[in-house]
S.K.: 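If you scroll down you'll find the structure; I have some questions about it.
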Amino acid sequence: MSSVFGKPRVGSGSQSAPLEVNLAILGRRGAGKSALTVKFLTRRFISEYDPNLEDTYSSEETVDHQPVHLRVMDTADPDTPRNCERYLNWAHAFLVVYSVDSRQSFEDSGSYLELLALHAKETQRSSPALLLGNKLDMAQYRQVTKAEGAALAGKFGCLFFEVSACLDFEHVQHVFHEAVREARRELEKNSLPRPLFISEERALPHQAPLTARHGLASCTFNTLSTVSLKEMPAVAQAKLVTVKSSRAQSKRKAPTLTLLKGFKIF
Ligand SMILES: Nc1nc2c(ncn2[C@@H]2O[C@H](COP(=O)(O)OP(=O)(O)OP(=O)(O)O)[C@@H](O)[C@H]2O)c(=O)[nH]1
């Protein structure tokens with residue numbers, strides 16, 4: 001299992017091994033994280049999910065003619081984010097989702113973006129985030145304007161899209177592929193040769209864990225509670241379900257699809 005979650009590889013052409021990209025979907029409960037994930041993987045909109053299940057799915061994609069092994073973690077933070085390090089340290093890119101008909105979900109998305117910014121500062125390693133205003137089909141009940149979404153994204157320097165999990169698949173796919181492109185850019189940047197330093201070996205001063213220094217892994221999220229790192233499950237324990245999108249898209253080839261969050265898709 002550990003090899004499944006191994007080190008990312010950056011390839012440049014279709015001949016090379018697939019690029020491996022881990023993508024985490026964050027957002028308040030009910031924002032539509034599962035619906036978007038399932039839409040992307042299967043082209044279908046499914047309206048009911050078990051909100052307490054968190055799964056990581058795997059899909060073979062082709063982005064800009066390059067094969068990509070994409071893993072998508074559909075997170076399920078309870079009312080307060082818990083054990084955020086499980087995705088902060090795992091993902092190469094993040095989709096932060098709010099619902100255009102929920103002001104509260106928009107505010108929470110801002111807190112998630114702050115959490116990501118703080119983590120990037122702390123680790124000196126930034127992972128791109130994309131902000132998604134979901135449920136565009138519910139625009140008549142808007143509580144968040146498009147301009148507000150764009151402004152929040154601008155504040156954190158991330159891409160912004162309004163989408164709907166129950167409208168066209170192509171738009172949702174485009175957003176996921178944009179996340180792959182962003183992750184790829186970052187991975188390529190990090191894989192550039194770095195200057196070589198030869199320094200005297202010295203014991204590192206004791207470093208307090210990230211949690212203790214900035215309260216980051218404790219995921220203080222507005223008024224949220226503190227979380228013990230010991231509770232954090234290893235990512236490799238996450239259930240991995242492989243959905244090949246080409247098969248998923250064909251009813252004939254895949255009469256019964258792999259279960260997603262306990263739901264059979266026919
Ligand atoms: N109209 C509409 N409803 C949506 C859309 N996306 C999700 N929903 C509905 O919103 C509700 C919540 O969607 P989920 O996908 O379960 O949301 P989530 O963010 O995964 O929530 P948790 O699983 O609780 O973390 C469900 O009833 C979905 O059917 C959308 O784009 N449009």
Side-chain angles (χ1 to χ4, degrees), residues 19-28 30-47 49 55-76 87 90-102 105-106 108-110 112-113 116 126-139 142 144-187 243-246 248-249 260-261:
L19 174 70
E20 296 186 12
V21 173
N22 298 342
L23 183 61
I25 321 288
L26 311 179
R28 186 182 175 81
K33 300 180 294 295
S34 302
L36 285 169
T37 302
V38 171
K39 180 76 170 197
F40 169 65
L41 293 172
T42 71
R43 287 180 177 245
R44 291 158 212 213
F45 174 69
I46 295 170
S47 57
Y49 305 93
D55 275 320
T56 300
Y57 306 102
S58 174
S59 175
E60 304 301 330
E61 298 290 318
T62 302
V63 181
D64 306 329
H65 310 290
Q66 182 183 16
V68 177
H69 183 77
L70 178 63
R71 297 183 201 96
V72 182
M73 186 190 287
D74 174 18
T75 66
Y87 47 74
W90 175 82
H92 301 117
F94 298 88
L95 291 182
V96 178
V97 182
Y98 68 90
S99 172
V100 297
D101 66 350
S102 162
S105 73
F106 179 64
D108 282 6
S109 69
Y112 271 111
L113 289 172
L116 296 179
S126 72
S127 300
L130 288 74
L131 180 64
L132 303 188
N134 187 36
K135 306 195 189 178
L136 186 56
D137 57 291
M138 305 284 279
R142 255 186 202 281
V144 185
T145 65
K146 190 170 183 179
E148 285 175 303
L152 181 62
K155 180 177 164 194
F156 288 94
C158 52
L159 293 178
F160 170 63
F161 300 90
E162 285 193 334
V163 289
S164 167
C166 60
L167 295 179
D168 61 316
F169 162 75
E170 281 71 22
H171 195 191
V172 173
Q173 185 192 44
H174 173 72
V175 166
F176 276 76
H177 284 190
E178 279 296 285
V180 169
R181 290 185 184 102
E182 291 283 300
R184 184 171 56 198
R185 264 192 284 277
E186 199 62 34
L187 286 167
V243 178
K244 291 211 169 176
S245 50
S246 56
Q249 287 152 15
L260 289 167
K261 288 207 164 185

S.K.: Name the orientation class of the two ring planes belonging to Phe176 and Phe40 (parallel below 30°, tilted from 30 to 60°, perpendicular beyond 60°).
M.R.: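 The rings of Phe176 and Phe40 lie parallel, inter-plane angle below 30°.
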
S.K.: May I ask you to test the Val180-Glu61 pair for a side-chain heavy-atom distance under 4.5 Å?
M.R.: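 No; the side chains remain at least 4.5 Å from each other.
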
S.K.: Could you tell me whether the side chains of Glu186 and Ser126 share a donor-acceptor contact shorter than 3.5 Å?
M.R.: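 Judged by distance alone, the side chains do pair up.
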
S.K.: Using every non-hydrogen atom in the two residues, find where Ser34 and Asp74 come nearest and quote the distance to one decimal.
M.R.: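 Answer, listing the atom of Ser34 first, then Asp74: OG-OD2, 2.7 Å.
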
S.K.: Test your reading of the model: is there a side-chain donor-acceptor pair from Asn134 to the backbone of Ala31, 3.5 Å cut-off?
M.R.: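 Yes.
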
S.K.: Rounded to the nearest 0.5 Å, what's the gap from CD on Glu20 to NE2 on His92? Could you check?
M.R.: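 Going from the CD atom of Glu20 to the NE2 atom of His92 covers 8.0 Å.
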
S.K.: For the residue pair Leu130 and Phe161, establish whether any side-chain heavy-atom pair is separated by less than 4.5 Å.
M.R.: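 When only atoms from C-beta onward are counted, Phe161 and Leu130 do touch, with a gap below 4.5 Å.
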
S.K.: Set out, in order, the CA-CA distance, both residues' side-chain angles and the distance that settles side chain to side chain contact (heavy atoms under 4.5 Å, CB included) for Leu159 and Glu182, then state yes or no.
M.R.: CA-CA 9 Å; Leu159 293 178; Glu182 291 283 300; 3.8 Å; yes

S.K.: Spell out, as yes or no, whether a donor-acceptor pair under 3.5 Å connects the side chain of Lys33 to the backbone of Val97.
M.R.: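 Judged by distance alone, no pair lies under 3.5 Å.
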
S.K.: Do Ser99 and Ser102 have side-chain atoms, one donor and one acceptor, less than 3.5 Å apart?
M.R.: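 There is no such pair (donor and acceptor under 3.5 Å, judged by atom type) between the side chains of Ser99 and Ser102.
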
S.K.: Less than 4.5 Å apart, side chain to side chain, heavy atoms only: is that true for Tyr98 and Asp108?
M.R.: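 Side-chain contact under 4.5 Å: no.
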
S.K.: Is the closest side-chain heavy-atom distance between Leu95 and Leu23 below 4.5 Å?
M.R.: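 A side-chain contact under 4.5 Å exists here.
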
S.K.: When rounded to the nearest 0.5 angstrom, what distance separates CG in Leu41 from CZ in Phe169?
M.R.: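 If we round to the nearest 0.5 Å, Leu41:CG and Phe169:CZ are 9.0 Å apart.
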
S.K.: Using 4.0 Å as the upper bound for N to carboxylate O, is an ion pair formed by Glu162 and Lys135?
M.R.: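 The answer is no: the pair does not qualify as a salt bridge.
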
S.K.: Taking 4.0 angstrom as the limit, do Arg181 and Asp64 come out as a salt bridge?
M.R.: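 Counted as a salt bridge, because a side-chain N and a carboxylate O are separated by less than 4.0 Å.
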
S.K.: For side chain to side chain contact (heavy atoms under 4.5 Å, CB included), just list the numbers for Tyr87 and Phe94, CA-CA rounded to whole Å, side-chain angles, deciding distance to a tenth of an Å, and then say yes or no.
M.R.: CA-CA 9 Å; Tyr87 47 74; Phe94 298 88; 4.2 Å; yes

S.K.: With a 3.5 Å distance limit and no angle check, can you tell me whether Lys146 reaches the backbone of Gly133 through a side-chain donor-acceptor pair?
M.R.: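 Looks like no, no N/O pair under 3.5 Å.
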
S.K.: Under the 3.5 angstrom rule, does the side chain of Asn22 hit a backbone N or O of Arg71 as a donor-acceptor pair?
M.R.: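 Absent.
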
S.K.: Dump the intermediate steps for side chain to side chain contact (heavy atoms under 4.5 Å, CB included) on Lys39 and Arg44, then the final yes or no.
M.R.: CA-CA 5 Å; Lys39 180 76 170 197; Arg44 291 158 212 213; 5.9 Å; no

S.K.: Is there a side chain to side chain contact (heavy atoms under 4.5 Å, CB included) between Leu116 and Val96? Walk through the geometry before answering.
M.R.: CA-CA 10 Å; Leu116 296 179; Val96 178; 4.0 Å; yes

S.K.: How long is the span from the OH atom in Tyr57 to the OG1 atom in Thr42, to the nearest 0.5 Å?
M.R.: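 Taking OH in Tyr57 and OG1 in Thr42, the distance rounds to 10.5 Å.
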
S.K.: Heavy atoms, side chains only, cut-off 4.5 Å: are Val38 and Phe45 in contact?
M.R.: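 No; the side chains remain at least 4.5 Å from each other.
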
S.K.: Distance alone, cut at 3.5 Å: any donor-acceptor contact between the side chains of Arg43 and Gln173?
M.R.: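 No, no side-chain donor-acceptor pair sits under 3.5 Å.
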
S.K.: I'd like to know if the side chain of Ser164 reaches the main chain of Cys166, judged simply by a donor and an acceptor atom lying under 3.5 Å from each other, with no hydrogens or angles considered.
M.R.: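 Present.
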
S.K.: Taking side chain as C-beta onward, heavy atoms only, is Leu70 less than 4.5 Å from Leu19?
M.R.: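 No, too far: nothing below the 4.5 Å cut-off.
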
S.K.: For Ala93, does its backbone N or O pair with a side-chain atom of Ser127 as donor and acceptor, under 3.5 Å?
M.R.: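 Pair absent, no side-chain N/O of Ser127 close to backbone of Ala93.
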
S.K.: Please find the pair of heavy atoms, one from Leu113 and one from Cys158, that lie closest to each other, and give the distance.
M.R.: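 That would be CD2-SG, 4.2 Å.
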
S.K.: Are Thr62 and Val68 packed together at the side-chain level, in the sense that at least one heavy-atom pair is separated by less than 4.5 angstrom?
M.R.: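 They are not in side-chain contact.
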
S.K.: Between OH of Tyr112 and OG of Ser105, what distance do you get to the nearest 0.5 Å?
M.R.: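 Going from the OH atom of Tyr112 to the OG atom of Ser105 covers 11.5 Å.
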
S.K.: Evaluate the side-chain proximity of Leu152 to Phe106: yes if any heavy-atom separation is below 4.5 Å, no if none is.
M.R.: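 They are in side-chain contact.
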
S.K.: Distance-only, no hydrogens or angles: does the Gln66 side chain make a donor-acceptor pair with backbone N or O of Val63 under 3.5 Å?
M.R.: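 Not a single qualifying donor-acceptor pair exists.
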
